[in-house]
Amino acid sequence: CALLHTGCGGRSVTGQHPLTNNLDPAFATGKLQTLAALPFWSDISEQDDPDKVAASMAESKFFRALQATPTGYTVQPSSEVALALERDGLKTKLDNFYKNWTSDQEDVDEGFLRHVASTMKADGVVVGVVDVWAQHPVDL
């Protein structure tokens, strides 16, 4: 089981949204064929993200960028993975995984990730966390 911290770097590009995901080409050379995507997590405050859209927006952008890259990966959507975890009674374990991992990136519950990969018959698990978020109103 492989943990991909997202495999991308956020770069600011003039004239575009400052959060642009670029897939690291090194991931295309791996032996991974099927990836299970955990739902992205956000620890953004209610004040900064009152509608709780940060995680889903970042997840959507990330997977659109991943699909546009010729990686050859089959990515199992986070909605399918979330349903499987809920079915297995692991929603609390998912929440605990993210709470522990966001406070200490060295605290990785590898057993949980292996279970997700095994349940989904995947070679790796994609994990994403949004910890910086800013929205700016625009006039169209």
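The basis for the numbers below is simple: all heavy atoms, side chains too, and nothing from hydrogens, waters or symmetry mates.
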### Query
What residues form a salt bridge (Lys or Arg N to Asp or Glu O under 4.0 Å) with Asp88, not counting sequence neighbours?
none

#### Entry: Leu113 vs Phe97 side-chain heavy atoms within contact, under 4.5 Å
yes

### Query
For Asp109, what residues pass the salt bridge (Lys or Arg N to Asp or Glu O under 4.0 Å) criterion, not counting sequence neighbours?
Lys93

### Interatomic spacing from CD in Glu80 to CE in Met120 - rounded to 0.5 Å
5.5 Å

### Message
For the CG atom of Leu85 and the CZ atom of Phe112, what is their distance to the nearest 0.5 Å?
### Response
5.0 Å

### Query
Considering residues at least two apart in sequence or located in another chain, which fulfil the salt bridge (Lys or Arg N to Asp or Glu O under 4.0 Å) criterion with Lys91?
Asp95

### Message
Which heavy atom of Leu35 sits nearest to which heavy atom of Ala122, and what is that distance?
### Response
C-CB, 4.1 Å

### Query
With sequence neighbours excluded, what pairs up with Ser118 under the side-chain hydrogen bond (donor to acceptor under 3.5 Å, both in side chains) test?
none

#### Entry: Nearest-0.5 Å distance that lies between atom CD in Glu106 and atom CG in Asn100
13.5 Å

#### Entry: side-chain contact (heavy atoms from CB on, under 4.5 Å) between Tyr98 and Val127, intermediate numbers included
CA-CA 9 Å; Tyr98 272 124; Val127 177; 3.4 Å; yes

## Note on the structure
The side chain to side chain contact (heavy atoms under 4.5 Å, CB included) partners of Thr74 (sequence neighbours excluded) come to Thr34

### Query
Shortest non-hydrogen contact from Val81 to Ala36?
CG2-CB, 4.0 Å

### Query
For Thr119, which residues count as a side-chain hydrogen bond (donor to acceptor under 3.5 Å, both in side chains) partner, sequence neighbours excluded?
His115

